[in-house]
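Below you'll find the structure, written out as structure tokens, and then a few comments.
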Amino acid sequence: MSKFTERLRASASDFGVGTEAAPHREPRQSKRPYFRWTEETHEETHAEPPIALDRVIFRAFDELVGRVDDFDRMAANWRCALTLMESYLRDQFGTIRGCPDTAKHFAAIAAILAQSEINA
């Protein structure tokens, strides 16, 4: 058995997937804990939940879809628009992280830039 196969089997077992696993079995609870911000966590840490770049990008994309009037053009160019918005927001992310209230405004600006690029 190759090292790749051994690593693959070891990784699969971490997630509860075995070679004899039935496709109809119920999903198991993850063994790896995932951190989630809750009100209790927020009160304990006295910190704001971090601003995630992907959430700002999705907000911008949602804004863009709301502005589009030609859905055929949008369907053909959504990847380009998403890339453009991600690039712009990644450049501005330091400012967004410093002042989280600006996230929705930067998302709107990114949507406007992407829309003008699609319409050009």
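Below, each value reflects all heavy atoms present in this structure, side chains not excepted, and no hydrogens, waters or symmetry copies.
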Report, one line per pair, each donor and acceptor closer than 3.5 Å where one atom sits in a side chain of residues 51-72; sequence neighbours left out.
{"residue": "Glu63", "atom": "OE2", "partner": "Arg67", "partner atom": "NE", "Å": "3.3"}
{"residue": "Glu63", "atom": "OE2", "partner": "Arg67", "partner atom": "NH2", "Å": "3.4"}
{"residue": "Asp70", "atom": "OD1", "partner": "Asp72", "partner atom": "N", "Å": "3.3"}
{"residue": "Asp70", "atom": "OD1", "partner": "Arg73", "partner atom": "N", "Å": "3.4"}

What donor-acceptor contacts under 3.5 angstrom involve side-chain atoms of residues 91-99, with partners at least two apart or in another chain?
none

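Hydrophobic clustering (ILVMFWY, side-chain heavy atoms < 4.5 Å, transitive): Ile112 and Tyr88 are in distinct clusters.
Taking CG of Leu84 as the start and CG of Leu89 as the end, the distance is 9.0 Å to the nearest 0.5 Å.
Among residue pairs with one or both ends in residues 102-117, none qualify as side chain to side chain donor-acceptor pair (under 3.5 Å); sequence neighbours excluded. For residues 75-86, the pairs satisfying salt bridge (Lys or Arg N to Asp or Glu O under 4.0 Å) are Glu86-Arg90, with sequence neighbours left out.
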